[in-house]
Amino acid sequence: MSTPSTQYEDFADALEMIDDEDMRFEYIIDIGKKVKDVDFPDSLRTDENLMHGCMSQVWIIDEVRDNKHHFRGFSDAIIVKGLVAMMTASFSGLTGDELQEIGTDHVRRLNLGALTTQRQVGMMAMLETFKKFGLTGGGTVAGLRSAGI
Amino acid sequence: MSTPSTQYEDFADALEMIDDEDMRFEYIIDIGKKVKDVDFPDSLRTDENLMHGCMSQVWIIDEVRDNKHHFRGFSDAIIVKGLVAMMTASFSGLTGDELQEIGTDHVRRLNLGALTTQRQVGMMAMLETFKKFGLTGGGTVAGLRSAGI
Amino acid sequence: MNKVVSIESAIGGNSMAAFDVEQARADFPILSQMVYGKSLVFLDSGASAQKPQVVIDAVRECYETYYSNVHRGAHFLSQRCTDEYEKVRAEIAEFINAPSENNVVITSSVTESINLVAQTWGRKFLKAGDEIIVSEMEHHANIVPWQMLETEIGVKVRATPIDDNGEFLLDSFKELLGPKTKLVAITEVSNVLGTIVPVREVIRLAHEQGALVLLDGAQGIVHQGVDVQDLDCDFYGFTGHKLYGPSGVGVLYGKADVLNSMPPYQGGGDMIEKVSFHGTTFKQPPHRFEAGTPPIAQVIGLGAAIRYVKQLGMENIAAHEQGLLAYATEKMNAVDGVRLVGQAREKAAIISFLIDGAHPFDVAAVLDRQGVATRVGHHCAEPLMDRLGVVGTVRASFGLYNNAADVDRLVAAILKAKELLL
Amino acid sequence: MNKVVSIESAIGGNSMAAFDVEQARADFPILSQMVYGKSLVFLDSGASAQKPQVVIDAVRECYETYYSNVHRGAHFLSQRCTDEYEKVRAEIAEFINAPSENNVVITSSVTESINLVAQTWGRKFLKAGDEIIVSEMEHHANIVPWQMLETEIGVKVRATPIDDNGEFLLDSFKELLGPKTKLVAITEVSNVLGTIVPVREVIRLAHEQGALVLLDGAQGIVHQGVDVQDLDCDFYGFTGHKLYGPSGVGVLYGKADVLNSMPPYQGGGDMIEKVSFHGTTFKQPPHRFEAGTPPIAQVIGLGAAIRYVKQLGMENIAAHEQGLLAYATEKMNAVDGVRLVGQAREKAAIISFLIDGAHPFDVAAVLDRQGVATRVGHHCAEPLMDRLGVVGTVRASFGLYNNAADVDRLVAAILKAKELLL
Ligand SMILES: Cc1ncc(COP(=O)(O)O)c(C=O)c1O
Ligand SMILES: Cc1ncc(COP(=O)(O)O)c(C=O)c1O
C-alpha cells in the first residue's frame with residue numbers, strides 16, 4: 001500500500017501504537033479539539049460546501065495549487081471534526097491521479113475499531129468526495145452534486 | 001347438571017364409554033352417516049334456514065309443537081352432520097324456558113377431545129341458536145337474524 | 001416391486017447425492033411433534049412453512065445478544081443490529097438477483113407488498129378505464145387490492161382464464177392485453193393448483209404493450225427461486241414465512257426507476273428526510289416505503305432462512321420437490337375415486353384433490369386425525385373455486401423437508417378417509 | 001450521606017417490596033452483554049425495549065412446537081396456533097380494558113395503526129377544510145400520516161403548542177378546538193420530553209366539540225398502562241416492541257361503532273367474506289383490517305410480554321420508574337453544565353438532556369464508549385426540535401430493568417464526556 005503523505009503515516013502509526021480502543025477514541029477527540037473555529041470560518045460553512053448524508057454536518061473545501069488538491073474541512077461535532085481533520089490532512093497534497101490510487105484500505109488503516117459503521121461509512125463517503133474532486137480537478141461539494149458525480 | 005333428554009344421555013354415555021379419541025371421532029362420523037338426504041330434503045336447505053359462520057353449511061329448523069321445540073338440521077359435511085344430529089336430538093322436546101337452562105357444560109359433555117376449537121365454537125353457536133328459538137318461540141334462522149337477536 | 005423402483009427414481013436418483021432429506025428434516029424441530037399420538041406429517045407448507053433451527057436461533061440470538069432499534073441509534077447495539085439488519089437486505093438482493101439492495105423494500109408480508117404497489121404506484125399512475133390483468137387463479141392478496149382501486153379510481157380488473165387442467169392460457173392472455181393494459185399482476189405459481197405460470201412470456205408480452213408486471217412470488221420463490229433481472233419483472237413480492245423464515249416479514253422488489261417514481265405509502269419515522277409543519281420531504285427508496293420500526297428480528301430470521309436454503313441449494317430443493325410431486329401424483333392417481341385438481345404440465349409440489357362423494361372438509365378432518373396436516377377450503381382463491389365449480393379442495397403442499405414416507409402416510413390416510421366416509 | 005438516603009427513598013421504599021429490580025434484570029439475557037469491555041447500561045428503551053426470556057421463549061416455543069398459519073386451517077397445529085393467537089387478542093383486550101377482543105386490531109406497529117386510521121377513517125370521513133389537531137411534541141408517526149391527508153384531501157393539520165418546559169398547554173388546545181376539528185391525534189407521553197399529556201381532559205374537550213380522539217400510546221402504555229374505556233378515547237395505538245414484546249407487531253384499539261364504520265385498509269386473505277370478480281364483501285372488525293398472514297409468532301410473543309408486565313404489576317413498574325426518574329433528575333441536575341430538556345410536572349421516565357458547549361452526538365458517542373446506550377438526534381420529532389431550538393438531544397429512557405446503578409453509570413459517563421469534550 002502506497003503512502004499518500006507523511007501526515008497519513010503519522011496518524012496511522014500513532015493509532016497503531018495505541019492498543020487500547022478507548023484511548024484511540026480519545027486520540028480522535030483530541031485531534032478534533034485542536035481544530036479551532038477560526039481554522040474554518042463561518043463564511044466557509046455554506047450549503048455549497050456541505051456534504052450530505054452525515055449524522056452531523058460536515059463541510060469540505062478543496063483548494064487546488066500546482067495541480068495538487070489541498071482539502072480542509074469542519075464539523076459541528078468534535079469526533080467528526082477529528083475524523084475530518086485526519087482525512088483532509090492525510091490525503092492533501094496529491095494530484096488528481098494520485099487521489100484515484102487511494103483505496104478503502106488506506107482509510108481502514110485510520111479507522112480502527114473505535115468507530116461505528118455509520119462513521120466508517122462517513123469516512124468512505126469523504127474519500128469518495130476527495131476522489132471526485134481529483135477527477136474533476138476541483139470545485140465545490142455542491143458543484144460535484146449538481147454535476148451528478 | 002340436569003338431563004335435557006334421554007337422547008342426550010345416550011350420546012353422552014356412549015362418548016364417555018369410548019376411551020379412544022379416534023374411536024369417538026369415528027362414532028360422530030357414524031352418526032353423521034346415518035342422517036340421510038331424505039331426512040332433510042332440499043326444500044329445507046334454504047338461505048332462511050342457513051346458519052352463518054360455519055366452516056361448512058349448516059341448516060337448522062325448529063318445529064314447535066305443544067310449546068316444545070323440535071329441532072332438525074343438516075350439513076353438507078358428514079362430521080358436521082353428525083354433530084348437528086347429536087345437538088338437535090339432544091336438545092329437542094324442551095320448552096323455551098327449559099332451553100334457557102341448557103348451558104355450555106351440557107355441550108361440553110358431548111364435544112370431547114376429538115373436536116377442534118372451531119367445531120366446538122360451531123356447537124356453541126348452535127346451542128345459542130336453540131336458546132334464541134326458545135326465547136322467541138320459534139321461527140327461522142333468518143328470522144332470528146333479521147330480528148337482530 | 002414396480003412401485004418401489006418408482007419411489008427411488010422419483011425421490012432418490014441424482015438429487016439424493018446433493019440433498020439428504022433426512023438430514024434436512026433433523027433441522028426442523030417441529031417435525032418431531034406428535035399429533036393425536038401420531039407422528040406429524042406436515043403437508044401445509046403452502047400456507048406457511050416450518051422453520052429450521054438456524055432461523056429460530058437467529059431470532060433468539062438477536063433478542064438475547066444484540067437487539068436494539070435500527071437506523072436511529074449511534075450506540076453499540078443499535079449499530080450492530082442495524083448492520084445485521086441491512087446485511088440481510090443485501091442478502092435478499094443477492095438471492096433474487098436484484099441490481100442493488102436499494103431495490104429491496106421490507107414489508108410485513110407479500111399482501112402488504114402488493115397493497116403498497118396498488119396504493120402508491122396505482123393511485124399515482126392509474127386512471128379510470130385503465131386495465132389491470134390478473135389470472136383466474138390468483139390468491140385474494142393479488143385480487144382484492146386491485147378491486148379496491150376499481151372502486152376508488154375506476155380502473156378495470158380483468159381475469160385471464162385457465163383451462164380445466166389449470167393451465168395458464170397464453171393465447172387468451174394475448175387477447176386480453178391491449179393499449180389499456182397498464183399492469184399485469186400474476187402469480188408465478190398457483191397456491192391451489194401448483195401451476196407454474198409462463199411468466200417470462202407474460203412479461204415479454206406485457207412489456208410489448210407498455211404494461212408493467214408485478215409477480216406474486218409467494219409460492220414461486222419457495223419452489224424454484226427467482227432471478228428478477230433475468231425475468232425482467234417490474235415488481236416482485238414474496239413473504240418470509242413461506243420461505244422457512246419468521247412470520248411478520250415480506251419483501252417487495254421493484255425496478256429502481258419505478259420505485260423512484262412512487263410516492264410514499266405509510267408516513268412515520270425512518271421514511272422521512274425532514275419533517276416540519278410547513279412541509280415534509282421523504283427519503284429515497286427503499287427507506288421511503290418503510291415507515292416506523294421495521295420487523296427487525298424477523299428480517300434477521302429471514303436472512304438465516306435464505307442462507308439455509310442457499311446452502312441446501314435451490315436447485316436441489318426443487319429437484320427433491322419435483323421427485324415428491326411425481327411420486328405423490330402417481331400414488332394418488334392410483335387411488336380409486338381420488339381426483340387431482342390441477343394437472344398443468346409444469347407444476348410446483350402442490351396437489352389439490354377431492355375424493356368423489358366425500359366433502360373436502362370431512363376428508364381433511366380424517367387426514368388430520370391420522371396426523372396428516374393438509375389444508376382445506378378455498379385457499380384464499382374463491383374465484384378459482386368458482387371457475388372450477390368446487391366448494392373447496394384438500395391441498396397437500398410440500399416443503400423441502402417432506403419425504404416419500406410422508407406421501408405414503410398421505411395415501412394411507414386417504415384410504416382411511418374413503419373407508420370412514422364413503 | 002444525604003445522597004444515599006435519597007437513592008433509597010427514590011428507588012427503594014414501598015415499591016422495593018413489591019418489585020425487585022435485580023430479579024427482573026435477571027429475566028433479560030441481553031443485560032449481561034458487554035459493550036467495549038464494559039457491562040451494558042441500556043437507556044434506550046424508549047426506542048425499543050429489551051425482551052425478557054419468557055418472550056424470547058414463547059416465540060421459540062411457537063416455532064418449535066406448534067407453529068402453523070392461523071385462521072385458515074382445520075388441522076391440529078393450525079387450530080392450536082390459532083387458539084394461542086386469538087387468546088392473545090383477548091389478553092390484549094383485557095390489558096387495555098377494551099370491551100371486547102373485537103376492538104383489538106393487530107397491526108405491524110403503531111405507525112401502521114395510525115396510518116390505518118388515516119387511510120380508512122380519514123379518507124372516508126374527512127373533507128377539505130376539516131381540521132386535525134396534533135401537538136408540537138408528536139412523533140413523526142403521528143404527524144406524517146395526517147400531513148399525507150392534507151395533501152390528499154385538503155384537511156388542515158394544526159399543532160397545539162407546549163411551553164418551554166415541555167408542558168402541554170390545555171388553554172391553547174381549547175382555543176384551537178372548534179367546529180372544524182374532526183380529530184385530535186395526541187401522544188399520551190412525549191417520547192422526547194417524557195411529558196405526560198392530560199389526555200383525559202383532552203378527550204373530554206374534544207368530545208364536547210364532536211371530534212374523535214386518537215391516542216398514540218407507544219410510550220404511554222409502557223410506563224403507565226392504559227384503560228381505554230375509562231379514558232374514553234376513540235382510537236388507541238401502541239407498538240409491541242416497546243412493551244418488551246417482539247418487533248413487528250402493533251395494536252390498534254377502536255370503539256366498536258367507529259371500527260364498524262370504517263372501510264378496509266389493505267386487501268387480501270383473511271379480511272374478506274366472499275371474493276368474486278363480480279363483487280367482494282369484507283369481514284367484520286377486527287378481521288376486516290387484518291389482510292394476509294398476520295405476525296403470528298410476534299403476537300404470541302406479545303402475549304407473553306403482557307403476561308410478564310402484568311405479573312410484575314404495571315403500578316409497581318410505574319412506581320419503580322418514577323423512583324429512577326426522580327433519582328436521575330436529581331443527580332443530573334447536580335452536574336454543572338447539564339441541561340435537562342423537558343421539565344413538565346408530570347413525566348414518564350424519559351430524560352432528554354444537553355451538555356453546554358458539547359455537541360449531542362459527541363456526548364452520546366462518549367457515553368456509548370462507557371457502555372451507556374442512549375439515543376441522540378431528533379428522535380423522530382423534528383418539529384419539536386425546531387420548537388425547542390435545538391439540533392437534537394441526548395435521551396436516556398428507562399425501562400423496568402434499569403436500576404440506580406445505571407443512573408450512577410450514566411452520571412459518571414456524563415462527567416467523562418465533560419472531561420473529554422469541553
Ligand atoms: C410516541 C411514539 N409514537 C410512535 C412511535 C413509532 O413506533 P413504531 O416505530 O414502533 O411504529 C414511537 C416510537 O418510535 C413513539 O415513541
Ligand atoms: C400465491 C399467494 N399469494 C399471496 C399470499 C399471501 O401471503 P401472506 O398471507 O403472507 O401475505 C399467499 C399465501 O397465502 C399465496 O400463496
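Letters A, B, ... mirror the listed sequences (proteins, then strands); counts begin at 1.
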Colleague: Please state whether the side chain, the backbone, both or neither of D/Gln147 comes within less than 4.5 Å of a heavy atom of chain C.
Modeller: side chain
Colleague: Of the backbone (N, CA, C, O) and the side chain (C-beta and beyond), which part of D/Arg158 lies under 4.5 Å from a heavy atom of chain C, both, or neither?
Modeller: neither
Colleague: Heavy-atom cut-off 4.5 Å, strictly under: side chain, backbone, both or neither for C/Val134 against chain D?
Modeller: side chain
Colleague: Tell me, out of D/Leu77, D/Val157, D/Leu116, who's got the most heavy-atom pairs with chain C below 4.5 Å.
Modeller: D/Leu77
Colleague: Counting only non-hydrogen atoms closer than 4.5 Å, does D/Gln33 touch chain C with its backbone (N, CA, C, O), its side chain (CB onward), both, or neither?
Modeller: side chain
Colleague: Quick one: are the ring centres of D/His287 and D/His71 less than 6.0 Å apart?
Modeller: yes
Colleague: List the steps and the verdict of side chain to side chain contact (heavy atoms under 4.5 Å, CB included) for C/Arg375 and D/Ser68.
Modeller: CA-CA 11 Å; C/Arg375 192 140 292 231; D/Ser68 174; 3.9 Å; yes
Colleague: Check whether C/Phe28 gets within reach of chain D through its side chain, its backbone, both or neither, counting any heavy atom under 4.5 Å.
Modeller: neither
Colleague: Please classify the contact between D/Ala373 and chain C as side chain, backbone, both or neither, with a heavy-atom cut-off of under 4.5 Å.
Modeller: both
Colleague: Rounded to the nearest 0.5 Å, what's the gap from CD on D/Glu84 to OG1 on D/Thr65? Could you check?
Modeller: 8.5 Å
Colleague: Looking at D/Arg60, D/Gln53, D/His241, which one has more heavy-atom pairs under 4.5 Å with chain C than the rest?
Modeller: D/His241
Colleague: Of the listed residues (C/Ser32, C/Gly248, C/Ser48), which shares the most heavy-atom pairs with chain D below a 4.5 Å separation?
Modeller: C/Ser48
Colleague: Could you grab the distance from atom CZ of D/Phe289 to atom CD of D/Glu112, nearest 0.5 Å is fine?
Modeller: 12.0 Å
Colleague: Any idea how C/His140 and C/His378 line up, ring-wise: parallel (<30°), tilted (30 to 60°), or perpendicular (>60°)?
Modeller: tilted
Colleague: Relative to chain D, which of C/Pro246, C/Cys62, C/Gly377, C/Ser109 shows the most heavy atom pairs under 4.5 Å?
Modeller: C/Pro246
Colleague: Ring of C/Tyr36, cation from C/Arg369 - is the NZ or CZ under 6.0 Å from the centre and inside 45° of the axis?
Modeller: yes
Colleague: With a 4.5 angstrom heavy-atom cut-off, could you sort out which part of D/Ile296 is near chain C: side chain, backbone, both or neither?
Modeller: both
Colleague: Can you check side chain to side chain contact (heavy atoms under 4.5 Å, CB included) on C/Ser45 and C/Tyr244, steps first, answer last?
Modeller: CA-CA 9 Å; C/Ser45 301; C/Tyr244 310 100; 5.5 Å; no
Colleague: Is it the backbone or the side chain of C/Arg80 that comes under 4.5 Å from a heavy atom of chain D, or both, or neither?
Modeller: neither
Colleague: For C/Gln266, is it the side chain, the backbone, both, or neither that has a heavy atom closer than 4.5 Å to a heavy atom of chain D?
Modeller: both
Colleague: Using the rule given for side-chain hydrogen bond (donor to acceptor under 3.5 Å, both in side chains), can you reason through D/Ser135 versus D/Thr160, listing the C-alpha separation, both sets of side-chain angles and the distance that settles it, and then say yes or no?
Modeller: CA-CA 5 Å; D/Ser135 84; D/Thr160 188; over 6 Å; no
Colleague: Can you tell me which portion of C/Ala118 sits under 4.5 Å from chain D's heavy atoms? Options are side chain, backbone, both or neither.
Modeller: neither
Colleague: Please determine, among D/Met148, D/Gln50, D/Arg123, the option with the most heavy-atom pairs under 4.5 Å with chain C.
Modeller: D/Arg123
Colleague: Against chain D, work out which of C/Asn142, C/Ile30, C/Val144, C/Thr111 has the most heavy-atom pairs shorter than 4.5 Å and name it.
Modeller: C/Ile30
Colleague: Hey, what do you get for CG (D/Asp368) to NE2 (C/His75), rounding to the nearest 0.5 Å?
Modeller: 7.5 Å
Colleague: Who wins among C/Ala365, C/Gly250, C/Pro29 for the most heavy-atom pairs under 4.5 Å with chain D?
Modeller: C/Pro29
Colleague: What's the separation between atom CD1 in C/Ile143 and atom CD1 in D/Ile272, rounded to the nearest 0.5 Å?
Modeller: 9.5 Å
Colleague: Go through the atoms of C/Leu40 and report whether side chain, backbone, both or neither lie under 4.5 Å from a heavy atom of chain D.
Modeller: side chain
Colleague: Can you tell me how far apart CD1 (C/Ile56) and CD (D/Glu61) are? Round to the nearest 0.5 Å.
Modeller: 11.5 Å
Colleague: What are the two closest non-hydrogen atoms of D/Ala297 and C/Ser247, and how far apart are they?
Modeller: N-OG, 3.1 Å
Colleague: At what distance, to the nearest 0.5 angstrom, does NZ of C/Lys156 lie from CD1 of C/Ile133?
Modeller: 11.0 Å
Colleague: Using heavy-atom distances under 4.5 Å, tell me whether C/Pro264 contacts chain D through its side chain, its backbone, both, or neither.
Modeller: both
Colleague: Quick one: what part of C/Glu152 sits under 4.5 Å from any heavy atom of chain D, side chain, backbone, both or neither?
Modeller: side chain
Colleague: Does any heavy atom of chain C fall under 4.5 Å from the side chain of D/Ala291, the backbone, both, or neither of them?
Modeller: both
